[in-house]
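First up is the structure itself, then whatever we jot down about it.
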Amino acid sequence: MTTTQAARTAQGYAVELRGLRKHYGEVRAVEEVDLLIGRGEVVALLGPNGAGKSTTVDILLGLTRPDAGEVRLFGDPPRRAIAGGAVGAMLQEAGLLDDVTVRETVALAAALHRAPLPVEEALRKAGVEDLGPRRAARLSGGQKQRVRFAMALVCDPALLVLDEPTAAMDVGGRRDFWRSMHAFADSGRTVIFATHYLEEAEDYADRVVLMRDGRIAADGPVAAVMAGVSGRTVRACVPGVDAEELRRLPGVVEARVRGDRAELRCADADAVVRELLARFPAARDIEVVAQGLEEAFLRLTEDSTEDPEEGRR
Ligand SMILES: Nc1ncnc2c1ncn2[C@@H]1O[C@H](COP(=O)(O)OP(=O)(O)OP(=O)(O)O)[C@@H](O)[C@H]1O
């Protein structure tokens with residue numbers, strides 16, 4: 001059993017989402033999402049704009065009521081877990097009062113909890129101890145994010161939920177933020193963070209949950225998720241062929257044809273090249289290209305409703 005599996009089964013789950021669904025009119029923001037997160041896991045929620053990450057996070061935190069499904073945090077409904085101080089959250093739109101200082105802001109957040117950390121400790125853990133006397137109105141976007149991080153940490157949570165935590169941060173700010181986050185996760189806490197940055201998921205998460213069109217498109221360690229789509233691509237000029245014939249070649253995962261140019265995504269590119277030449281002797285200009293991580297991610301998250309005819313041409 002891996003450490004992650006052990007974490008999921010040891011003392012129950014930190015997060016259980018079962019059969020979640022949330023529609024806004026015609027928009028299927030979240031559709032049949034099942035997700036179990038063990039204690040101590042650091043999970044990245046990845047996906048393009050509109051994939052359903054924030055809606056999932058909001059449901060997880062009890063801020064949005066799902067149309068269907070069930071949420072448990074450490075076995076409790078979200079509100080009970082949050083009231084008990086088990087959960088800290090850092091959300092994109094959490095407002096800060098302009099005229100209140102950073103120290104007072106974090107103290108206000110601390111006052112909502114029964115057993116908070118000392119304010120100075122939360123400031124230090126979030127790397128904003130120098131900003132204590134500053135008013136929120138005078139902070140940069142990245143500094144505000146760090147203050148929100150301190151507010152999330154002050155209840156000394158077992159689970160930290162972060163929605164695009166580094167959105168307003170520059171490169172240095174992001175590096176410092178993740179250093180603080182790492183220290184937090186190293187103490188055995190559970191972290192779930194939504195991000196657009198593939199490299200953040202790669203560098204900081206044990207596990208990646210990739211959302212697309214409201215559903216979970218892939219779930220696993222980052223290397224395994226990307227290996228599932230990373231294969232290689234064969235490009236060739238194949239006169240008079242159609243995509244359906246190519247799709248039937250052994251080792252082809254996906255085929256697209258534009259005019260005489262064919263592009264084949266392959267599980268086994270060597271086998272595909274051999275078959276291609278055997279069945280289509282006129283094939284020429286054959287190239288085999290490795291697919292990068294970025295490309296694999298884009299493929300996994302590309303909008304499945306976009307240009308549905310393209311592959312059939
Ligand atoms: N309150 C709402 N009313 C109507 N539609 C909504 C509402 N909240 C979200 N949506 C829609 O639900 C879908 C999922 O949105 P969501 O914000 O969860 O995606 P996301 O993956 O977090 O995107 P982003 O990366 O842009 O933050 C989108 O199409 C969005 O427009």
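First listed ligand is number 1; within each ligand, the first listed atom is number 1.
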> Which protein non-hydrogen atom lies closest to atom 24 (P) of ligand 1, naming both residue and atom, and how far is it?
Replying inline: N49 ND2, 3.6 Å

>> Can you name the atoms of ligand 1, numbered from 1 with element, that are less than 4.0 Å from a heavy atom of K53?
In response: 18 (O), 19 (O), 20 (P), 21 (O), 22 (O), 23 (O), 24 (P), 25 (O)

> side-chain contact (heavy atoms from CB on, under 4.5 Å) with V272: which of T233, L264, V288?
Replying inline: L264

> Does CZ belonging to R279 count more than 12 external heavy atoms closer than 6.0 Å?
Replying inline: yes

> Can you name the closest pair of heavy atoms from R138 and R134 and give their distance?
Replying inline: O-NH2, 3.6 Å

>> Would G50 count as being in polar contact with ligand 1, using the rule that some N or O on each side must be under 3.5 angstrom apart?
In response: yes

> For atom 8 (N) of ligand 1, is the nearest protein heavy atom closer than 4.0 Å?
Replying inline: yes

> What atoms of ligand 1 come within less than 4.0 Å of a heavy atom belonging to E164?
Replying inline: 24 (P), 25 (O), 27 (O)

> Between E16 and V71, is there a donor-acceptor pair closer than 3.5 Å when you use the side chain of the first and the backbone of the second?
Replying inline: no

> Of all the heavy atoms in G52, does at least one lie under 4.0 Å from an atom in ligand 1?
Replying inline: yes

>> Protein non-hydrogen atoms only, distance under 4.0 Å: does atom 14 (C) of ligand 1 have such a neighbour?
In response: yes

> Is there a nitrogen or oxygen of V27 sitting under 3.5 Å from a nitrogen or oxygen of ligand 1?
Replying inline: no

>> Under a 4.0 angstrom heavy-atom cut-off, which atoms of ligand 1 come close to H196?
In response: 25 (O)

>> Side chain or backbone, does T55 bring an N or O within less than 3.5 Å of an N or O on ligand 1?
In response: yes

> Would W178 and F184 count as a close aromatic pair, with their ring centres under 6.0 Å?
Replying inline: no

> Any heavy atom of P48 sitting closer than 4.0 Å to ligand 1?
Replying inline: yes

>> Which residue in the set L96, L123, V119 passes side-chain contact (heavy atoms from CB on, under 4.5 Å) when paired with V102?
In response: L123

